[in-house]
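Before any comments, here is the structure.
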Amino acid sequence: MKKELLNEEKYQLTKKKISTTALLILIIGILLGGILISLGVIKSNKINSKYSESYKDDLMNQLEIEEQNLYTEKEKIEEKIKPVEDEIKKLSRVKFEGFDDAYYERQDKIEELKKSILSESKQLSAINSVLYSGESACHFEAKNDKVTSKYCSLITDLVRSSSDFDKSFDLSNTYVYYGLGGFVIFSSLMISAAVYSIAKRREIMAFSAQQMMPVAQEGLEKMAPSVGKAGAKVIEEIAPTYKKVVEDVAPVYGEMAKEITKGVKKGLEGNKKVKKTVSKK
């Protein structure tokens with residue numbers, strides 16, 4: 001059985017599918033674009049909050065607490081290593097009496113004692129650096145030390161929160177989300193409109209025809225008299241010429257018709273005479 005392509009029911013079904021596809025493209029595009037723009041808004045709000053006065057005040061409070069913690073930690077370390085340092089001082093102040101065995105024993109003991117408090121000595125040095133040098137000390141070992149890293153992080157955040165350049169730079173990273181979101185929404189609108197126009201092509205063509213029909217009708221009504229007059233004038237001009245041609249040609253065709261008729265009659269008479277002669281014999 002031959003499959004019918006020109007079927008109104010199939011046309012309406014296909015039209016519905018195309019319209020649904022266009023709607024889905026539009027919805028998905030708007031949702032995706034909206035998500036991207038929302039992410040941009042969320043990131044912008046977070047960045048703005050990082051540079052707000054309330055955030056700076058919060059950092060200052062945390063910094064004061066952490067500074068006090070460092071002083072406390074410093075006291076603990078100093079108290080812990082003080083006996084060792086006192087022992088080192090005591091060994092170092094023994095009167096030098098030559099490079100004998102006692103001297104080398106003292107030196108070995110001093111090196112051993114220094115190694116035992118090496119970790120605490122580094123921490124104490126880092127604490128003193130950030131407490132008395134501030135941000136500059138945080139660009140070196142102090143930012144990686146487990147005791148001073150938090151304090152350095154708070155100082156860095158506080159300095160950044162006061163920088164307009166850093167704020168503008170951070171906000172510029174969010175513009176990508178706005179651009180992508182707007183592009184996705186615009187693209188989905190264009191694609192959806194193109195797909196939907198396919199489903200509405202019949203209505204669009206009918207609408208275009210309805211737009212043109214009044215204009216065409218009005219044009220025909222206005223042009224008809226002029227065309228009629230022009231046609232009548234043309235006929236009026238060529239009628240005499242046509243009449244003359246007919247008058248000139250008609251006698252010639254008349255004579256030709258007479259001669260043909262005479263030839264036909266003679267042929268018929270000759271044929272009759274032949275038949276009579278044959279019948280007598």
Side-chain angles (χ1 to χ4, degrees), residues 30-92 109-185:
I30 291 175
L31 286 175
L32 184 58
I35 290 172
L36 290 171
I37 293 174
S38 298
L39 288 174
V41 172
I42 292 171
K43 288 184 175 293
S44 295
N45 291 336
K46 286 183 178 180
I47 291 170
N48 287 325
S49 65
K50 285 178 63 177
Y51 291 89
S52 63
E53 291 299 324
S54 60
Y55 181 73
K56 294 177 186 177
D57 293 338
D58 184 55
L59 286 176
M60 288 294 297
N61 293 331
Q62 293 183 52
L63 195 61
E64 290 178 1
I65 294 172
E66 190 61 27
E67 183 177 359
Q68 187 60 44
N69 291 336
L70 288 179
Y71 277 114
T72 303
E73 187 68 23
K74 176 184 176 183
E75 291 177 358
K76 289 181 179 179
I77 294 173
E78 288 176 343
E79 185 178 353
K80 181 179 179 181
I81 66 175
K82 188 176 185 305
V84 178
E85 289 180 336
D86 290 343
E87 182 69 17
I88 292 173
K89 287 180 181 178
K90 182 179 178 181
L91 292 172
S92 299
K109 185 62 176 179
I110 290 172
E111 290 298 322
E112 183 181 345
L113 291 172
K114 286 183 178 180
K115 287 181 180 179
S116 67
I117 61 171
L118 182 60
S119 176
E120 288 80 0
S121 297
K122 286 184 177 180
Q123 287 184 350
L124 186 61
S125 175
I127 291 172
N128 289 328
S129 297
V130 297
L131 288 176
Y132 301 113
S133 301
E135 183 191 3
S136 59
C138 289
H139 294 293
F140 301 98
E141 294 86 358
K143 67 178 180 180
N144 297 321
D145 188 86
K146 64 180 181 179
V147 178
T148 58
S149 59
K150 185 177 180 180
Y151 184 84
C152 287
S153 177
L154 290 170
I155 288 182
T156 302
D157 290 343
L158 184 61
V159 172
R160 281 179 57 83
S161 65
S162 302
S163 173
D164 292 334
F165 174 79
D166 290 336
K167 181 180 179 180
S168 299
F169 180 78
D170 290 343
L171 285 174
S172 65
N173 295 327
T174 65
Y175 299 155
V176 177
Y177 293 94
Y178 298 128
L180 286 175
F183 176 76
V184 170
I185 292 174

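Below, all heavy atoms of this structure are taken into account, side chains as well, without hydrogens, waters or symmetry copies.
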Scanning both residues in full, the closest heavy-atom pair of I110 with S92 reads CD1-OG, 3.6 Å
Search all heavy atoms of K50 against all heavy atoms of Y55 and return the closest pair with its distance.
-> O-CD2, 2.7 Å
Scan I42, L171, N173 and name whichever one has a side-chain contact (heavy atoms from CB on, under 4.5 Å) with I47.
-> L171
Under a 4.0 Å N-O cut-off, is there an ion pair linking D86 with K82?
-> yes
Taking the side chain from S153 and the backbone from K150, do they hold a donor-acceptor pair closer than 3.5 Å?
-> no
With sequence neighbours left out, what residues match D166 under side-chain contact (heavy atoms from CB on, under 4.5 Å)?
-> Y51, R160, S163
Has K56 got more than 12 heavy atoms of other residues, nucleotides or ligands less than 6.0 Å from its NZ?
-> yes
Do V84 and K114 have side chains that get closer than 4.5 Å, going by heavy atoms?
-> no
Less than 3.5 Å apart, which donor and acceptor atoms pair up between the side chains of residues 115-122 and the rest of the protein, not counting sequence neighbours?
{"residue": "S116", "atom": "OG", "partner": "L113", "partner atom": "O", "Å": "2.5"}
{"residue": "E120", "atom": "OE2", "partner": "K80", "partner atom": "NZ", "Å": "3.0"}
{"residue": "S121", "atom": "OG", "partner": "I117", "partner atom": "O", "Å": "2.7"}

Residue pair I37 / Y178: nearest heavy atoms and the distance that separates them = O-CE2, 3.7 Å
Return the set of residues passing side-chain contact (heavy atoms from CB on, under 4.5 Å) with N69 (not counting sequence neighbours), or none when no residue passes.
-> I65, E66
Find the distance between CD (E111) and CG (L91) and round it off to the nearest 0.5 Å.
-> 11.5 Å
